[in-house]
Amino acid sequence: MAQKPSIPKGTRDFNSEVVAKRSYITETIKQQFKIYGFQPIETPSFENSDTLMGKYGEEGDRLIFKILNSGDYLKKISDTDYEERSESRLTPKISEKALRYDLTVPFARYVVQHQNEIEFPFKRYQIQPVWRADRPQKGRFREFYQCDADVVGSASLFQEVEFIQLYDGVFTALNLSGTTIKINNRKILSGIAEVIGAQDKLIDFTVALDKLDKIGEEKVKEEMLGKGISQVGIDKLQPLFELTGDFGSQIESLKSILSTSEIGLKGIEELEFINTAISSLELKTAQLQFDVTLARGLNYYTGAIFEVSAPEGVNMGSIGGGGRYDNLTGIFGLKNMSGVGISFGLDRIYLVLEELGLFPESVIDNTKVLFINFGEDEAMACLKAVSSLRDNGINAELYPDAAKMKKQMNYANKREIPFVVLVGDDELKTNSFTLKDMSSGEQQKLTLEDLMTKLK
RNA sequence: GUGGUUGUAGCUCAGUUGGUUAGAGCGCCGGUUUGUGGUACCGGAGGUCGCCGGUUCGAGACCGGUCUUCCACCCCA
């Protein structure tokens, strides 16, 4: 055999069964998106590099797949540029396009570009693949799907409330109960940074705090100290590490820490509003949890931030995330356009549903009946019947060759087709159809009409 | 980007300190059975041992590189 072909690292082929299961998830999500009033849009798989670069931080830029210019892309490079071997100077000259890294930034670009045609507040959803040049590992691919819903043009906190309901709605519809929607507020993080005198180190501070449940209190403090946050400041954080109790009481203790920070108190006020609303509306299967360590890497969030974790016992990173961004369209020149959005990680949700055995049996829309081929005349009669079945929405097929009976039956068996129809000499003469139930082995002679009703 | 791990038949995997012609189970194809699948029995096909190079009289096995798998870190869906 020749050298086997292959696909790039971190990409996957999907067989029919996987496609059926994946589309079960996306259809469920779509349905919920529509119920909440979101309309679909799509954007190109690649954008101009400057649309994407610099929007996800240094780490993000490194993970963006760059597309090499067409033609003789080295022609215009000067000798000095070439000799310098500076990646950051050379890359923009040989690559002017890049694969999209998420759906949020292209969406912001879309809103700014089409602002005059859009009715605000604008509610859109988008289900498309994104690409990241990451190293693959569990639940992590280089090509994966995001399912995003965003609203721009409204600063109302009711949007946040509705998004939490939407999360709950989707996971309930997928029969995935026990998810936890973690919520925090960027303003609270800013407030804390302010109180401990580390406003300028907000990112370092949040990245370190985010690791609390993973590496523990001491290591977090070490990392903060290492990043240049003062010991005095870190000591002020102590109450943070001792936060306990329910949503309400955690917020009360935070209030005292943040009493001197205007922005911090604003964040708390927002959280309280959302929590009160959700408490009175009630969630179906998900649980809303305040998590002060929740940071989320993307630096465009300015208000609420969300992250959804799978039910306890399933080892999987977050299966969804999102938040409020007050100025995302600002980077493309449209000011004062607050937005908030959430994302579902299709590929990870798939892995979770698979692990918990939550896919319904019926997701695969298999052929219902196979007509055995006995020869040209018989096949012709079969095709007529097949056509009427198809007209009635019954998945039917005719075995294309007059192969041996055993081979044809075997095919039906392997494909798990539940019924076969036999039309030979006898049936041709009497204009009838012998229907065989593959699981019981029973068979009976029927008219076309009876066949139709049996298979419906 | 850092560290580890994996690759032998379509699939799951054996293969001893380097030594003849690389094996098993399942699957596949054919037959027993020319209008009846699953079971049984019989027979058969299928491998440049991921790829490139090195050491050796001799490499599936040892060494280097590379690609790939999975995992952890970083970061993230």
K404(A) side chain near G31(B) phosphate (N/O to OP1/OP2, under 4.0 Å) = yes

Can you name the closest pair of heavy atoms from A295(A) and D210(A) and give their distance?
-> N-OD1, 3.7 Å

Report yes if a side-chain nitrogen or oxygen of K211(A) is closer than 4.0 Å to either non-bridging phosphate oxygen (OP1 or OP2) of C74(B); otherwise report no.
-> yes

So does K406(A) get a side-chain nitrogen or oxygen closer than 4.0 Å to the phosphate oxygens (OP1/OP2) of G37(B)?
-> no

Touch check for I319(A), heavy atoms < 4.0 angstrom, all strands: base, sugar-phosphate only, or nothing?
-> sugar-phosphate

With a non-hydrogen cut-off below 4.0 angstrom, is G424(A) in contact with a base, only sugar-phosphate, or nothing?
-> base

Rounding to the closest angstrom, what is the interatomic distance between A9(B) and C75(B) at atom P?
-> 39 Å

Taking atom P in both A59(B) and G50(B), compute the distance separating them and give it to the nearest angstrom.
-> 15 Å

What is the nucleic acid contact for S343(A), judged by heavy atoms within less than 4.0 Å: base, sugar-phosphate only, or nothing?
-> nothing

Result for side chain to side chain contact (heavy atoms under 4.5 Å, CB included) between V151(A) and one of F122(A), F158(A), F38(A), Y36(A) points to F38(A)

Interatomic distance at C1', C57(B) relative to C52(B), whole Å | 23 Å

Between Y350(A) and Y24(A), does the ring centroid distance fall short of 6.0 Å?
-> no

On a whole-Å scale, what distance lies between the P atoms belonging to U17(B) and A77(B)?
-> 48 Å

Just call it for K138(A): base, sugar-phosphate, or nothing, with non-hydrogen atoms closer than 4.0 Å on any strand.
-> sugar-phosphate

Below 4.5 Å, heavy atoms only, C-beta onward: do E427(A) and S432(A) meet side chain to side chain?
-> yes

So what does the secondary structure string of RNA chain B come out as, 5' to 3', with Watson-Crick or wobble pairs under 3.5 angstrom, [ ] for crossing and | for pairs with another strand?
-> ((((..(..((((.....[...)))).(((((.......))))).....(((((..]....))))))..))))....

